[in-house]
Novice: 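Please read through the structure below; I'll follow up with questions.
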2 protein chains.
Amino acid sequence: MHAYIASRISLPSHSAQPGLPNVFDPAPLQPVSFFPAGAEIYAQGETAGALYQVEFGAVRIYRLLADGRRQISAFHLAGETFGFEADATHHFFAEAVNATAVRVLRLSGGADMSHQLLPLALKGLTRAQEHLLVLGRQNAIERVAAFLVDMAERQGGLRQVELPMSRMDIGDYLGLTIETVSRVFTRLKDKGVIRLINLRSIEIVKQEVLQTLGE
Amino acid sequence: MHAYIASRISLPSHSAQPGLPNVFDPAPLQPVSFFPAGAEIYAQGETAGALYQVEFGAVRIYRLLADGRRQISAFHLAGETFGFEADATHHFFAEAVNATAVRVLRLSGGADMSHQLLPLALKGLTRAQEHLLVLGRQNAIERVAAFLVDMAERQGGLRQVELPMSRMDIGDYLGLTIETVSRVFTRLKDKGVIRLINLRSIEIVKQEVLQTLGE
DNA sequence: CTGGACACTTGATGTAGATCAACAATCCGC
DNA sequence: GCGGATTGTTGATCTACATCAAGTGTCCAG
């Protein structure tokens with residue numbers, strides 16, 4: 001999909017992370033890697049063994065079918081952690097949606113991290129199961145509404161929501177085509193539910209309507 | 001959906017479980033509950049706090065939309081464990097598909113089970129993410145094929161596969177209607193890929209074809 | 001063994017969203 | 001700031017699956 005080769009620049013980070021409980025302290029500060037838009041963070045089939053915490057930017061986790069159909073199973077925004085697997089192999093691809101910094105937390109063989117990992121895994125599991133309901137049983141408007149509500153919540157519940165990803169990404173996350181995503185945005189705009197500030201940023205005008213549609 | 005009230009009969013179990021590593025030993029043997037077909041094991045909104053291990057039978061995990069649309073996120077067969085949640089509340093319903101026995105493992109407040117739970121949670125996460133690909137990007141034949149391959153694998157890879165659940169359950173798991181599920185079964189039968197031994201049991205005749213369709 | 005209730009299958013028709021196609025807006029390198 | 005490439009929108013048409021409808025098979029209570 002992307003012939004892009006990641007140009008990683010690792011460097012020790014000095015920024016404290018207020019608000020984000022750094023469960024990995026008091027280990028020495030972990031290195032941060034930068035990825036430009038579209039760069040691969042890891043690929044399906046690669047050996048797993050690190051956790052990744054998004055410092056800024058956004059990451060998409062996805063799988064491909066043989067003919068190129070793509071399903072994005074999750075987006076990860078600043079503060080979120082991803083990369084854990086059931087065995088020693090990555091079963092998904094991870095790519096930077098746009099310019100992204102990721103703190104890499106190597107899992108030292110000895111240390112037992114299950115205490116820290118379990119809540120993250122359970123959170124991910126709940127999210128995936130909720131996404132199953134959306135993909136299995138909701139129509140196009142409901143899917144987009146659920147997506148926007150989720151993105152808004154994860155950005156602190158503000159009226160203005162940033163969408164770092166393209167319509168293609170949104171489509172591949174919601175199981176829709178870009179055309180359908182675009183039409184639904186237009187429909188929600190015409191109904192006065194949202195306002196399109198620019199391509200990658202919307203304002204939620206009627207939060208209740210969106211909420212009701214999405215559930 | 002079901003006005004059915006579970007008639008639980010709890011009793012201490014004496015059966016050893018060869019083949020199933022009982023990670024909860026050497027705790028005293030946990031009680032086993034029986035549930036008739038359709039009985040509720042737990043409901044969305046209830047307080048969580050136990051794990052459930054299927055002794056025999058099958059369990060469906062699902063969510064409902066306000067208008068009654070249902071998405072089954074998982075089936076659990078003999079030997080599998082379910083019931084863990086990200087917080088103290090169940091976010092899904094669990095029901096016996098047919099006559100089912102479940103070992104209830106109360107999580108004592110003090111004990112730290114994250115070591116045992118993490119692999120189960122990660123396994124569930126991977127499964128849910130794979131199911132997302134099916135629901136988001138595969139067509140009706142591919143969905144049914146993937147489902148049959150999965151059921152076959154979980155039953156030891158034999159040619160003959162038992163389907164303890166109704167067409168309605170399969171439809172609600174795959175995001176399809178019962179009619180579409182039925183038509184796809186007929187289509188696979190006509191192509192000679194499967195044989196319908198009876199309503200709840202099929203034989204896989206062309207394993208490779210099914211495998212290819214499902215991925 | 002018989003009847004009635006489900007569960008499933010099969011057929012006819014409708015429709016949401018995909019696909020195909022043209023155009024518009026936006027971004028970015030020079 | 002210009003021009004081409006990329007991303008998004010809008011319209012026309014097609015199609016896979018849903019919906020509606022009418023059987024058929026299966027199971028069990030009596």
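A, B, ... follow the sequence lines: proteins, then strands. Residue 1 opens every chain.
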Novice: For the residue pair B/Tyr173 and B/His131, does the interplanar ring angle fall in the parallel (under 30°), tilted (30 to 60°) or perpendicular (over 60°) class?
Specialist: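 Tilted: the ring planes of B/Tyr173 and B/His131 meet at 30° to 60°.
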Novice: Using a 4.0 Å heavy-atom cut-off across all strands, classify A/Arg143 as base, sugar-phosphate, or nothing.
Specialist: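 Touches nothing.
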Novice: What N/O pairs connect the protein and nucleotides 21-30 of chain C at under 3.5 Å? Give each pair on its own line.
Specialist:
none

Novice: A cation-pi test, strictly: NZ or CZ of B/Arg70 under 6.0 Å from the centre of the six-membered ring of B/Tyr62 and no more than 45 degrees from its axis. Yes or no?
Specialist: yes
Novice: Nearest heavy atom decides the nucleotide; on that basis, is B/Arg200 or A/Leu176 closer to the 5' end of DNA chain C?
Specialist: B/Arg200
Novice: Within the structure, does a side-chain N or O atom of B/Thr186 lie under 4.0 Å from either OP1 or OP2 of C/dT10?
Specialist: yes
Novice: Report which part of the nucleic acid A/Ile178 touches: base, sugar-phosphate, or nothing (heavy-atom distance under 4.0 Å, all strands).
Specialist: nothing
Novice: Using a cut-off of strictly less than 4.0 Å between a heavy atom of the residue and any atom of DNA chain C, enumerate the qualifying residues of residues 187-197 of chain A by number.
Specialist: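 Going residue by residue through residues 187-197 of chain A, none turns out to have a heavy atom under 4.0 Å of DNA chain C.
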Novice: Nearest whole Å is fine: how far is C/dT9 C1' from B/Met168 CE?
Specialist: 14 Å
Novice: Extract, from 5' to 3' on DNA chain D, the first and final nucleotides lying under 4.0 angstrom from some heavy atom of chain A.
Specialist: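 First and last nucleotides in contact are D/dT7 to D/dA12.
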Novice: So for B/Arg183 and C/dG11, does any side-chain atom that can act as donor or acceptor lie under 3.5 Å from a complementary atom in the base?
Specialist: yes
Novice: Which is true for B/Gly175 with a 4.0 Å heavy-atom rule: it touches a base, it touches only sugar-phosphate, or it touches nothing?
Specialist: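 Counting heavy atoms under 4.0 Å across all strands, the contact made by B/Gly175 is with sugar-phosphate only.
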Novice: Can you confirm whether the side chains of B/His91 and B/Glu85 place a donor and an acceptor under 3.5 Å from each other?
Specialist: yes
Novice: Should the pair A/Arg60 and A/Phe92 be classed as cation-pi, given the thresholds of under 6.0 Å to the six-membered ring centre and 45° from the axis?
Specialist: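 No, a cation-pi geometry is absent between A/Arg60 and A/Phe92.
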Novice: Which part of the nucleic acid, if any, lies within contact of A/Thr177, taking any heavy atom under 4.0 Å across all strands shown: a base, the sugar-phosphate backbone alone, or nothing?
Specialist: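 If one applies the 4.0 Å heavy-atom cut-off, A/Thr177 turns out to touch a base.
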